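Report on the following structure.
Model, not experiment: these values are computed from the prediction.
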Amino acid sequence: GISEEALRDADFRRGAGCDACRDTGYYGRTAIYEMMVLDDPIRRLIMDRAPGSIIKRAALEQGMETLRVNGCEKARQGFTTVDEVLRVTQDDSDAQSLQA
């Protein structure tokens with residue numbers, strides 16, 4: 001879900017481990033997040049008790065980023081690793097096509 005152009009200036013990293021990180025390769029925390037703006041169309045879907053997949057699709061169409069996409073951007077910037085993003089997020093390949 002990441003364009004080839006976005007990968008050109010990527011700063012991918014892999015932690016080697018040291019005493020400061022207890023040999024995990026990670027030190028500190030970096031948040032990844034997704035935020036859904038509750039506008040009128042989304043609110044209407046919620047009030048109509050639409051399935052979560054429909055609500056998610058509508059939010060993605062309006063520009064919401066999933067956790068995995070946000071995490072991949074943080075990995076591209078060098079704040080975390082791709083391995084860690086894949087470990088803590090779920091596959092959203094169905095959503096990726098909407099965000100491309």
| query | Tell me, do Cys72 and Val69 make a side-chain contact under 4.5 Å, heavy atoms counted? | reply | no
| query | Side-chain heavy atoms under 4.5 angstrom apart, residues restricted to Ile, Leu, Val, Met, Phe, Trp, Tyr: same cluster for Leu86 and Leu67? | reply | no
| Less than 4.5 Å apart, any side-chain heavy atom of Ile32 and any of Glu73? | no
| said: Hydrophobic cluster membership, with links at side-chain heavy-atom distances under 4.5 Å among I/L/V/M/F/W/Y: are Phe79 and Val85 in one? | reply: no
| query | Does CZ belonging to Arg49 count more than 12 external heavy atoms closer than 6.0 Å? | reply | no
| query | How long is the span from the CD1 atom in Ile55 to the CG atom in Asp48, to the nearest 0.5 Å? | reply | 9.5 Å
| query | When hydrophobic residues are tied together by side-chain contacts of less than 4.5 Å, even through go-betweens, does Val82 share a cluster with Val88? | reply | no
| Can you find a pair of side-chain heavy atoms, one from Met64 and one from Met36, that are under 4.5 Å apart? | yes
| field | Heavy-atom pair with the smallest gap, counting every atom of Ile42 and Ala59 | value | CD1-N, 3.6 Å
| query | With a 4.5 Å heavy-atom cut-off, do Arg44 and Met47 have their side chains touching? | reply | no
| Does Leu38 belong to the same Ile/Leu/Val/Met/Phe/Trp/Tyr cluster as Met35, with side-chain heavy atoms less than 4.5 Å apart forming each link? | no
| query | Quick one: does Lys74's side chain have a donor or acceptor within less than 3.5 Å of a partner on Thr30's backbone? | reply | no
| Flag, side chain of Asn70 to backbone of Tyr33, donor-acceptor distance under 3.5 Å | yes
| How many angstroms lie between atom CG of Asp40 and atom CG of Leu45, to the nearest 0.5 angstrom? | 11.0 Å
| said: Are Gln62 and Val37 packed together at the side-chain level, in the sense that at least one heavy-atom pair is separated by less than 4.5 angstrom? | reply: no
| message | If I take atom CD from residue Glu34 and atom NZ from residue Lys56, how far apart are they, to the nearest 0.5 angstrom? | response | 6.5 Å
